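Computed from a prediction, not measured in an experiment: that's the story for all the values here. Hydrogens, waters and symmetry mates are skipped; everything else that's a heavy atom, side chains included, is used.
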Amino acid sequence: MGGRYLEDVTHTMTDNMPFEGRGIVGFNNSAKRYEYSWIDSMGTAISFGTGTMAADGKTINWETRMIDPVTKVEMTMYSTDTRINKDHYLSEMFITLPDGSKMKTLELDY
């Protein structure tokens with residue numbers, strides 16, 4: 001598709017349970033923002049997110065809306081993808097707790 005999208009494919013084994021996830025990421029020229037969709041083997045929901053590049057030109061700040069599979073209530077997740085250098089990339093994900101504070105739920109260091 002002309003290099004317009006990045007496909008993210010993840011296969012891992014966690015606690016002897018296989019995990020598979022797939023995402024599509026691209027920049028929407030009309031909306032002037034990054035957009036993605038994500039599916040994985042832990043549920044049946046499709047997550048959608050939007051992101052904007054930070055002023056540093058190295059970090060994309062994401063906001064994702066999804067249905068919490070436990071509470072069945074829509075929630076918002078926040079994440080950052082930061083390019084440290086040409087060989088180092090850091091992804092962090094946070095959720096908002098009922099008291100309004102944020103808790104880190106995932107960190108991937110590539």
Heavy atoms only: give me the nearest Y5-G26 pair and the separation to one decimal.
CD2-CA, 4.0 Å
Minimal non-hydrogen separation, Y78 against E63, with atom names:
CE2-OE1, 3.6 Å
The reported gap from CD1 in I46 to CZ in R22 (rounded to nearest 0.5 angstrom) is 13.5 Å
Got a second to check how far I39's CD1 is from I24's CD1, nearest 0.5 Å?
8.5 Å
Could you list the residues that satisfy side chain to side chain contact (heavy atoms under 4.5 Å, CB included) with I67, not counting sequence neighbours?
E74
To the nearest 0.5 angstrom, please state how far the CZ atom of F94 sits from the CE atom of M77.
12.0 Å
Check the orientation of W38 and F19. Use parallel for under 30°, tilted for 30 to 60°, and perpendicular for over 60°.
parallel
Side chains of S91 and D81: donor-acceptor distance under 3.5 Å anywhere?
yes
Closest approach of S41 to P18 (non-hydrogen atoms, all atoms of both residues):
OG-O, 4.0 Å
For T64 and S47, which heavy atoms make the closest approach, and how far apart are they?
CG2-CB, 4.0 Å
If you count every heavy atom of other residues, nucleotides or ligands that lies below 6.0 Å from M53 atom CE, does the total exceed 12?
yes
Please list, chain by chain and in numerical order, all residues satisfying salt bridge (charged side-chain N to carboxylate O under 4.0 Å, His left out) with K32, sequence neighbours excluded.
none
Set of salt bridge (charged side-chain N to carboxylate O under 4.0 Å, His left out) partners for R83, sequence neighbours left out:
none
Least distance between heavy atoms, D40 atom then G21 atom
CB-CA, 3.8 Å
Contact summary for M93 and S79, nearest pair of heavy atoms
CA-CB, 3.9 Å
Show the numbers, then the answer: is there a side-chain contact (heavy atoms from CB on, under 4.5 Å) between W62 and V25?
CA-CA 11 Å; W62 294 99; V25 180; 4.0 Å; yes
Which value, rounded to the nearest 0.5 Å, describes the distance between D109 atom CG and Y89 atom OH?
11.5 Å
